[in-house]
Amino acid sequence: MFIAGSNTSSAILVWIMAELIRNPSVMQRAQTEVREVVKGKAKVEENHISKLMYLKSIVKEGLRLHPPAPLLVPRETTDDCAVEGYHIPAKTRVFVNAKSIGTDPKYWKNKNEFQPERFLDSSVDFRGQHFELLPFGAGRRGCPGMNFAILIIELALANLLHRFDWELPHGIRRQDLDMEEAIGLYSTQKSSTLPCS
Ligand code: HEM
């Protein structure tokens, strides 16, 4: 549970930070929102989070483009079943590709662009009721740490935006950030060039 919870949460935070660096207008808007809501306090606290609607959209967009467990957890069918006309025999190992689902052009316009605005007027979320966005899986074996994870990620991100102006180290350009994924159970950046100064 420690590994399931910590690797996933830190991976998504790193992906979101990299996306914000690559998209300065999104970072600017998020920072303005956080600083306005938190005005007068030294740090972001839990009671501020429900007012940070843009930040919440950023986290959703991060989870859509970079689900930390891109293939969820493998499952085995107990009975024969049919899905969209495909016959799946009992005892088949099944992988659900959350990464492909989150970038399916049938559901997502500009599927590869980091556009948190898409969630501002949308009821779609990651709680397992909307099958076009499944970073935590769904149903009885969906992630039991989801609420905890989201709160921790939102709090950490909001505090980083509140207290720091992020800049790339001298000589590195936004477009040089390596967004390639490493191969593995969890989706992490291939080269960890996360900038922060
Ligand atoms: C961004 C953070 C996280 C993501 C994206 C994530 C994602 C997932 C996914 C996709 C599954 C498999 C669900 C399925 O196959 O339907 C899972 C299972 C699980 N997660 Fe998370 N998780 C996160 C954070 C956490 C945290 C913080 C904890 C604990 C504190 C946790 C504990 C677990 C456990 C125990 C399972 C296994 C559940 C079971 O098999 O019944 N996760 N998680």
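Note that the structure is a prediction, hence the values are computed from the model and not measured.
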Engineer: Could you check whether any side-chain heavy atom of Glu33 comes within less than 4.5 Å of a side-chain heavy atom of Leu55, counting everything from C-beta outward?
Structural biologist: yes
Engineer: Between Leu155 and Leu157, is there a shared hydrophobic cluster once you connect ILVMFWY residues whose side-chain heavy atoms come closer than 4.5 Å?
Structural biologist: yes
Engineer: With a 4.5 Å heavy-atom cut-off, do Thr92 and Glu76 have their side chains touching?
Structural biologist: no
Engineer: Tell me the closest heavy-atom pair linking Asn110 and Arg118, and the distance in Å.
Structural biologist: O-NH2, 3.2 Å
Engineer: Counting only heavy atoms not in Glu117, do more than 12 sit closer than 6.0 Å to its CD atom?
Structural biologist: yes
Engineer: Is the count of non-hydrogen atoms from other residues, nucleotides or ligands lying under 6.0 Å from Gln175 atom CD greater than 12?
Structural biologist: yes
Engineer: Any salt bridge linking Lys39 with Glu36? Criterion: basic side-chain nitrogen under 4.0 Å from a carboxylate oxygen.
Structural biologist: no
Engineer: Measure across Lys111 and Leu65 and return the closest heavy-atom pair with its distance rounded to 0.1 Å.
Structural biologist: O-CD2, 3.5 Å
Engineer: Side-chain contact, heavy-atom cut-off 4.5 Å: Asp80 with His87?
Structural biologist: yes
Engineer: Does the side chain of Gln31 pick up a donor-acceptor pair with the side chain of His162 at under 3.5 Å?
Structural biologist: no
Engineer: With a 6.0 Å cut-off on the ring centroids, do Trp108 and Phe114 count as close?
Structural biologist: no
Engineer: Verify the neighbour count for atom CG of Asp121: are there more than 12 heavy atoms of other residues, nucleotides or ligands below 6.0 Å?
Structural biologist: no
Engineer: Can you tell me how far CG of Leu63 sits from OG1 of Thr8, rounded to the nearest 0.5 angstrom?
Structural biologist: 10.0 Å
Engineer: Taking the six-membered ring for Trp, are Trp15 and His66 parallel (under 30°), tilted (30 to 60°) or perpendicular (over 60°)?
Structural biologist: parallel
Engineer: With a 6.0 Å cut-off (strictly less than), is the heavy-atom count around OH of Tyr54, excluding the residue itself, greater than 12?
Structural biologist: yes
Engineer: Nearest 0.5 Å, what's the CG-CG distance between Leu160 and Leu13?
Structural biologist: 6.5 Å
Engineer: Do Leu161 and Val44 come close enough that some side-chain heavy atom pair is under 4.5 Å?
Structural biologist: no
Engineer: Starting at CZ of Arg163, measure out to NZ of Lys43 and round the result to the nearest 0.5 Å.
Structural biologist: 9.5 Å
Engineer: Do Ile101 and Phe131 have side chains that get closer than 4.5 Å, going by heavy atoms?
Structural biologist: no
Engineer: Of Arg29, Arg35, Gln28, which is the lone residue that meets side chain to side chain contact (heavy atoms under 4.5 Å, CB included) with Thr32?
Structural biologist: Gln28
